[in-house]
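Written out below as structure tokens is the structure these notes cover.
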Amino acid sequence: MSQWQEREARVYMQTGRRVPLTIVRGQGLRVWDDEDNSYLDFVGGWAVDTLGHCHPVIVKALEEQGRTLIQTSNQFYTIPQVRLAEILVENSCMSRVYVCNSGAEANEGSVKLARKYGRLNRGGAYEVITALNSFHGRTLAMVAATGQPAHQETYQPIPQGFVNVPYADVDAIRKATSDKTCAVMLEPVQGEAGVIVPPDDYLGQVREWCDEQGLLLIFDEVQTGIGRLGTMFGYEQFGVEPDVMSLAKGLGGGVPIGAFLANEKAAVFEPGDHGSTYGGNPLTCAVAYAVVDHVISDHVLANVRRSGQRLTAGLLDLKERVSFITDVRGRGLLQAIDFDRDLAADALTACLGQGLLVNAPRPNTLRFMPPLVVTEAEVDEALQKLAAALGEIASQMG
Ligand SMILES: *Cc1c(COP(=O)(O)O)cnc(C)c1O
């Protein structure tokens with residue numbers, strides 16, 4: 001254990017299990033630990049480091065804005081906030097933006113918007129239907145929205161107003177709808193659940209149901225937004241436009257930022273309804289603008305599709321050769337493999353030994369979410385390291 005890990009154990013709240021690795025610097029797809037070992041990073045700050053580590057576009061925006069203006073409060077107008085809102089509106093189906101600081105906060109804002117909409121248009125309806133095994137964040141309300149009992153039990157009583165139903169089951173949404181329902185909130189592809197891609201027609205059917213019933217459709221695009229699936233937003237993959245969409249993770253490329261966006265029908269906030277001290281501050285907005293602009297102007301989406309296809313092909317090839325891989329799935333640069341038993345923790349450790357960082361969202365699932373600028377050569381390198389790691393595991397099995 002390195003000295004930093006011992007020191008952390010003494011002073012930091014122990015809220016999760018960490019990989020025994022202290023990362024001190026990063027560049028592009030690589031990070032280095034405190035003993036100067038390097039690793040190829042297919043976690044990417046948890047699907048956050050859109051342009052890789054310390055990309056010049058991000059560093060420049062941070063430096064320039066850091067010298068110019070960092071925080072003003074939302075009592076005043078600032079230029080980076082307006083520019084970020086404009087580029088998001090111009091490149092999405094949405095017409096208004098509110099910028100906050102994280103994914104959970106973006107979802108909270110989306111739900112507040114939906115409750116206000118229900119009050120105005122649906123006789124005070126306030127309930128939001130969400131999916132089991134979803135992930136919407138760690139605030140108390142988002143723990144209630146997140147359909148995972150493990151996240152809820154410790155924190156009872158959790159806020160009311162959420163109904164969790166099975167994912168990819170439109171009938172379950174129909175049955176759960178009542179006079180109290182104001183919205184349905186879904187991830188277009190479930191990320192934390194282990195990269196669950198719904199059947200092609202699911203989101204379209206949910207859209208139809210919401211239209212029939214006068215419900216808002218909210219997409220939590222915190223993980224899928226800003227190019228992760230090979231299109232700017234996940235909804236484009238399914239040809240279904242939500243009324244409200246939350247973003248975070250990839251939006252800032254590493255700086256803490258979130259946003260929720262709404263179409264004109266759903267944008268019902270009036271002055272006094274919502275606010276944030278840091279939300280939309282010049283520093284994070286300038287960086288997010290630079291990230292979004294670079295994704296668009298540098299054709300990063302084409303790279304996501306190209307490198308994503310290479311990753312899929314490589315994983316499928318590995319599945320042919322490794323008997324205990326049972327599934328390969330995902331879109332763009334959000335992909336996962338399943339094992340026939342709970343090998344993910346061992347596989348993660350073996351990958352670490354090979355110099356590859358991966359994530360294990362479930363005991364039998366490994367997830368890959370590298371920066372969107374990953375090259376095909378880096379994908380090949382990751383696949384080689386993964387193959388070597390799984391080879392070690394196979395030989396331990398005897
Ligand atoms: C990560 C994530 C969140 C929570 O974002 P935070 O910034 O950690 O609050 C919410 N929804 C989805 C789909 C996520 O992947």
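Start at 1 and go down the list; that is how both ligands and their atoms are numbered. A quick note: this is a predicted structure, and the numbers were derived from the prediction, not measured.
- Under the 3.5 Å distance criterion, with hydrogens and angles disregarded, a donor-acceptor pair is assigned to the side chains of T284 and N281.
- Contacts of T224 with ligand 1, taken as heavy-atom pairs under 4.0 Å, are absent altogether.
- Nearest to atom 12 (C) of ligand 1 among the protein's heavy atoms is F135 O, 3.2 Å.
- Distances from atom 14 (C) of ligand 1 to the heavy atoms of M185, K249, E105, E192 put K249 nearest.
- At a 4.0 Å heavy-atom cut-off, ligand 1 touches E187 through the side chain alone.
- Less than 4.0 angstrom separates some heavy atom of N107 from each of these atoms of ligand 1: 10 (C), 11 (N).
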**Message:** Apply side chain to side chain donor-acceptor pair (under 3.5 Å) to residues R25 and H53 and explain how you reach the verdict.
**Reply:** CA-CA 8 Å; R25 65 193 167 92; H53 293 279; over 6 Å; no
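- The protein heavy atom nearest to atom 11 (N) of ligand 1 is D220 OD2, 2.7 Å.
- Shown are K385, Q384, E392; of these, the side chain to side chain donor-acceptor pair (under 3.5 Å) with Q354 is made only by E392.
- Within the 4.5 Å cutoff, the side chain of P282 has no heavy atoms near those of the Q81 side chain.
- Those atoms of ligand 1 with a heavy atom of S102 less than 4.0 angstrom away are 7 (O), 9 (O).
- Residues T224 and E221 bring a donor and an acceptor atom of their side chains to less than 3.5 Å of each other.
- Between the side chains of R331 and Q237, at least one donor-acceptor pair of N or O atoms lies under 3.5 Å.
- Atom 7 (O) of ligand 1 has G103 N, 2.8 Å as its closest protein atom, hydrogens excluded (heavy atom only).
- The distance from ligand 1 to the heavy atoms of Q223 drops below 4.0 Å at these ligand atoms: 15 (O).
- In summary, the atoms of ligand 1 found under 4.0 Å from a heavy atom of A104, numbered by their order in the structure, are 4 (C), 5 (O), 6 (P), 9 (O).
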**Prompt:** For I337 and T365, what are the C-alpha separation, side-chain angles and deciding distance, and is it a side-chain contact (heavy atoms from CB on, under 4.5 Å)?
**Reply:** CA-CA 6 Å; I337 57 176; T365 304; over 6 Å; no
